[in-house]
Amino acid sequence: MTQDFGAPDRSTPPRGLGWLRSDRQDSGSRWYVVYGAAALIFAVFAVTLYDDGFLSASNLLNIGRQAAPIAVMAVGMTFALAAAEIDLSVGSVAALSSLVAAEAVGGYGFFVGAVAAVAVGAAIGLVNGLIAVKVRIPSFLVTLGMLGIVSGVARNMNNLQSLPIRNDTFSAVFGAGSAGPVSSLLIWSAVVGVVGHLALHQLRWGRHVLSVGADRAAASAVGIRVDRIRIAALVTSASAAAFAGVLLAGRLAIGRHDLGENLLLTVIAAVVIGGTNLFGGRASVAGAIMGSVVMAMLNNGLILMGLRVADQLIARGVIIILAVALSMREQRES
């Protein structure tokens, strides 16, 4: 099969890129798994937790609010995994960005606060990408180290103290407000989801990301700038995590050193459940968002059931193992 990836003078690309089309056709089967899991979890909680208010309008809206920052981070992580990279620093980036937003809002206003926070995230992603590409260290190790660095910076930034946000406009726009009955958190997550979907599936850059994840050597052979794509994918992931930190800060009206740090496992689970291949080459932004809803619904149900935090961590860990096992099975079959 021949595909045009920006190098019209070349003939049929290596086999690694031709695999993308068949893989895209096979991805439909994963949607049945995602929808089935969502429907099953919802049905179980609706029956078992009916008396605890699981189906109440306020609780369902709360699930949506919990899912929103997870979905934003999951969209960014989708690009990283699609390019066969991974970003373990997203939780600490979200926490640091919440502090940066809280600090900047007080002196420069709500818009500058949000932009500064996202810019910090993009800078961290750029450092991650440059080290992974230029120094040739796997992104797993680079972002693991960056997780510790950013977490330490966040803790030193205000001596472990929360920074209150007293700008009502910031809170209304980025978390606590709404447009009619629709929370601003849901609006922002929908905007990020649409932009991410169009970028991944409609733009040439998105096809290049998938190509690099499927086969770097083949992508390089047809003229794709592999290093730039890898760096851009990690910048996208960190930027999305920073914006999720802005949303968390807006919802709670504070910046904290640990805000969002515990979301890493949830985000990875949401992305893999949604159909993104952990080893690159196949991804779904819409699936990542649906996976985020599944994880938020699961977390909400476990809390209503009275499970301890430790038990919730165990449940999330089991889900990740199952999702990765499914991804590895599909990789071997491909």
ask   = Got a second to check how far Gln66's CD is from Met295's CE, nearest 0.5 Å?
value = 11.5 Å
ask   = So how far is it from Asn158 CG to Leu163 CG, rounded to the nearest 0.5 Å?
value = 4.0 Å
task = Kindly indicate whether the side chain of Asp311, heavy atoms from C-beta on, has any atom under 4.5 Å from the side chain of Leu302.
result = no
remark   = In terms of heavy-atom contacts, Thr276 and Ala82 come closest through CG2-N, 4.4 Å
inquiry  = For Arg216, give me all partners under salt bridge (charged side-chain N to carboxylate O under 4.0 Å, His left out), at least two apart in sequence or on another chain.
reply    = Glu85
ask   = With distance as the sole test, does Thr236 use its side chain to make a donor-acceptor pair with the main-chain N or O of Gly76 at under 3.5 Å?
value = no
query = Taking it one step at a time, do Arg155 and Ser151 satisfy side-chain hydrogen bond (donor to acceptor under 3.5 Å, both in side chains)?
reply = CA-CA 6 Å; Arg155 280 161 170 75; Ser151 180; 2.5 Å; yes
note = Looking only at heavy atoms, the pair that brings Ala242 and Gly121 closest together is CB-CA, 3.7 Å
Heavy-atom pair of closest approach, residues Ala241 and Val93 = CB-CG1, 4.1 Å
ask   = Can you check side-chain contact (heavy atoms from CB on, under 4.5 Å) on Thr169 and Phe111, steps first, answer last?
value = CA-CA 9 Å; Thr169 303; Phe111 180 75; over 6 Å; no
inquiry  = Strictly distance-based, threshold 3.5 Å: is any side-chain N or O of Ser98 a donor or acceptor partner for the main-chain N or O of Arg256?
reply    = yes
inquiry  = Give me the atom names and distance for the closest heavy-atom approach of Thr48 to Asp52.
reply    = O-OD2, 4.3 Å
request  = For atom CG of Asp168, decide whether the heavy atoms of other residues, nucleotides or ligands shown that lie under 6.0 angstrom number more than 12.
outcome  = no
inquiry  = Can you tell me how far apart CD1 (Ile86) and CG (Leu234) are? Round to the nearest 0.5 Å.
reply    = 10.5 Å
Verdict with reasoning, Met146 to Asp87, per side-chain contact (heavy atoms from CB on, under 4.5 Å) = CA-CA 9 Å; Met146 187 61 70; Asp87 187 356; over 6 Å; no
key: Student check: side-chain heavy atoms of Arg228 and Trp205 closer than 4.5 Å   = no
Phe42 side, atom CZ; Leu55 side, atom CG - distance, nearest 0.5 Å = 5.0 Å
query = Between atom OG of Ser284 and atom CG of Asn277, what is the distance when rounded to the nearest 0.5 Å?
reply = 12.5 Å
query = Where do Val90 and Ser237 land on the side-chain contact (heavy atoms from CB on, under 4.5 Å) test, with the steps shown first?
reply = CA-CA 7 Å; Val90 290; Ser237 177; 3.6 Å; yes
ask   = Is the Phe174 ring parallel, tilted or perpendicular to the Phe243 ring (thresholds 30°, 60°)?
value = perpendicular
task = Indicate yes or no for a side-chain donor-acceptor contact from Trp188 to the backbone of Val173 under 3.5 Å, with no hydrogens or angles considered.
result = yes
ask   = Does Ser97 reach the main-chain N or O of Ala117 with its side chain, forming a donor-acceptor pair under 3.5 Å?
value = no
query = If you round to the nearest 0.5 Å, how far is NE2 of His197 from OG1 of Thr78?
reply = 12.0 Å
message = With a 3.5 Å distance limit and no angle check, can you tell me whether Arg282 reaches the backbone of Gly275 through a side-chain donor-acceptor pair?
response = yes
request  = Measure across Ala233 and Ala83 and return the closest heavy-atom pair with its distance rounded to 0.1 Å.
outcome  = CB-CB, 3.8 Å
message = Can you give me the closest heavy-atom contact between Val267 and Met73, atom names plus distance?
response = CG2-CB, 3.7 Å
Option among Asn128, Val133, Val127 that satisfies the side chain to side chain contact (heavy atoms under 4.5 Å, CB included) test with Ile131 = Val127
